[in-house]
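Read the numbers this way: they start at 1 and go in the same order the structure lists the ligands and their atoms.
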Amino acid sequence: MPAIRKNFSLKDHNSFGIDARTALYAAPENIEQLSDLFDHYDFKTQPYLVIGEGSNILFKDDFEGLVVNPGMRGVDLIEKKGEELLVRVGAAENWDQWVAHATQQGWFGLENLSLIPGSVGSAPVQNIGAYGVEFKDHFGWLEAWDLEQQKQVRLTGAQCRFGYRTSIFKAEYPGRYIITHVAFRLNKKPHLKLDYGPLKEALFSSRSPSPMELRKVIISIRQQKLPDPRDFGNAGSFFKNPLVARTIYESLKINFPEIPHFQDANGHFKIPAAWLIEKAGWKGKRIGNVGTWPKQPLVIVNYGGASGKEVVDFSERIRNVVEEKFGLLLEREVNVI
Ligand code: EPU
């Protein structure tokens, strides 16, 4: 049975650094401890919330329920078939430490996802992605506790229904599963993805980097553009990049001929939210303790001591100005509790 802490501060458990409290908190380290928790807390009728390192969450208020932070650790190479590898990792492992370890071991595929904050168990929830690679590209399967069926399940990629920053864990069934382990499909031979615009520019002097060099370049791009949550609380991109139909893109182009866009696999046009926010005049804008990051306005930062409500109010003002200017409604990427 894991210790259940009472009136627990979540300040060190959310990358925005919001000083919210939860009535109860538990960090089960294995399946036995997790299932013991079900005897002591009624998940059917009482509020609960599953968090990892809290890097995609904004606490607007205190939480009147149980916060569960799965503490399963470990990295196990479980299958080798020619050049293909399957590695099972505990949900509580830190994402970037896992990527560093995989790259050092010569288990390739995750280099572009270097330095993304958070834990391994949270990565599938929003199908993290960066520089042309998404979590789902190297996904094998995952193990989770299914609170509906009250048993452990193994889910495939098709069952997880990964999309742009989404999955069943975020869309169809939030709260139903507690992810405990993730299995990754990696390769002993590097197949580097180097086509993402800003990455190409950064690599101009080294056209055929090693996976470790690529990891270093990704880290340096991120460090130049994105604030470190240890310095300024933030949860990465606050909004998703809106996906619009061609007709909408074309009508926007009449008034804003320079509007950037990327076409996705389904023929939708992805418009960078950072550009919309910048053109609406909100790049580097600060109100009190909250602001948009001067180098990447899609990131909202807590300059110190902000409440969750201040951050939410600030983000609503951004949504309003972007909607007024472009007629596009920004959808939050960050989970507001
Ligand atoms: N842009 C501006 N002004 C800026 C910055 C960017 O106009 O100040 C425009 C430019 O047109 C640029 C475009 O936005 O080409 C894209 O910018 P960037 O490459 O920085 O990426 P992004 O679309 O803003 C997404 C992810 C990031 C991920 C990067 C790199 C989302 C919501 N965000 O940001 O993910 O690191 O691509 O792949 O898709 C996160 O999810 O928390 C996150 C940081």
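Side-chain contact between K170 and E333: present, with at least one pair of heavy atoms (C-beta onward) separated by less than 4.5 Å.
Taking every non-hydrogen atom of A130 and a distance limit under 4.0 Å, the qualifying atoms of ligand 1 come out as 36 (O), 38 (O). The atoms of ligand 1 that sit less than 4.0 Å from any heavy atom of G236 are 42 (O). Atoms of ligand 1 found under 4.0 Å from any heavy atom of E278 (numbered from 1 in listed order, with element): 2 (C), 3 (N), 4 (C), 7 (O), 8 (O). Listed by atom number, the atoms of ligand 1 under 4.0 Å from K295 heavy atoms are 8 (O). Each of the atoms 4 (C), 8 (O) of ligand 1 lies under 4.0 Å from some heavy atom of P297. Of all atoms in ligand 1, numbered sequentially from 1 with element shown, those under 4.0 Å from a heavy atom of K225 are 20 (O). Proximity to L298 (heavy-atom distance under 4.0 Å) selects the following atoms of ligand 1: 24 (O). For ligand 1 and W275, the ligand atoms under 4.0 Å from any heavy atom of the residue are 2 (C), 7 (O).
Using modelled atom types and a 3.5 Å distance limit, the side chains of S114 and R215 yield a donor-acceptor pair. Judged purely by distance below 3.5 Å, without hydrogens or angles, the side chains of N94 and S119 never pair a donor atom with an acceptor atom.
Between F43 and F38, the ring planes are perpendicular. Angles over 60° get that label, and only those under 30° would be called parallel. Ring planes of F135 and F162: perpendicular class, angle over 60° (limits at 30 and 60°). Ring pair Y25/H13 is tilted by interplanar angle, where 30° to 60° counts as tilted.
By the criterion of a heavy-atom distance under 4.0 Å, neither the backbone nor the side chain of K279 is placed next to ligand 1. When non-hydrogen atoms are compared, ligand 1 lies under 4.0 Å from the side chain of Y164 (C-beta onward) but not from its backbone. At a heavy-atom distance under 4.0 Å, only side-chain atoms of P260, from C-beta outward, approach ligand 1.
A donor-acceptor pair is defined here as one N or O able to donate and one able to accept, closer than 3.5 Å; no such pair exists between the side chain of S237 and the backbone of F239. Checking side-chain atoms of R185 against main-chain N and O of L86 turns up no donor-acceptor pair under 3.5 Å.
Scanning the protein for heavy atoms near atom 38 (O) of ligand 1, the closest one is Y131 N, 2.7 Å. Of all protein heavy atoms, the one closest to atom 15 (O) of ligand 1 is F262 CZ, 4.1 Å. Among all protein heavy atoms, the one lying closest to atom 35 (O) of ligand 1 is R165 NH2, 2.9 Å. Scanning the protein for heavy atoms near atom 40 (C) of ligand 1, the closest one is S237 OG, 3.2 Å. Atom 20 (O) of ligand 1 has as its closest protein heavy atom Q296 NE2, 3.0 Å. Nearest protein heavy-atom neighbour of atom 1 (N) of ligand 1: A274 CB, 3.7 Å. In terms of protein heavy-atom proximity, atom 23 (O) of ligand 1 is closest to N241 ND2, 2.8 Å. Remark: minimum distance from atom 9 (C) of ligand 1 to any protein heavy atom is reached at P272 CB, 3.8 Å.
A heavy-atom separation below 4.0 Å is found between R222 and ligand 1. A heavy-atom separation below 4.0 Å is not found between K270 and ligand 1.
Using a cut-off of 4.0 Å between Lys/Arg side-chain N and Asp/Glu carboxylate O, E250 and K253 are scored as not salt-bridged. Salt-bridge check for E316 with R332: passed, with a basic side-chain N closer than 4.0 Å to an acidic carboxylate O. With respect to the salt-bridge test (charged N to carboxylate O, under 4.0 angstrom), the residues D195 and K200 do not qualify.
Protein non-hydrogen atoms do reach within 4.0 Å of atom 4 (C) of ligand 1.
Within the structure, every pair that satisfies the ring pair (Phe, Tyr, Trp, His ring centres under 6.0 Å) test and touches residues 209-232, not counting sequence neighbours, is listed here: F232-W293, F232-Y303.
We find the CG-CG distance between D264 and N266 to be 5.0 Å, quoted to the nearest 0.5 Å.
Checked by distance only, ligand 1 and Y196 come closer than 3.5 Å through their nitrogen or oxygen atoms.
For E53, the salt bridge (Lys or Arg N to Asp or Glu O under 4.0 Å) criterion is met by no residue, not counting sequence neighbours.
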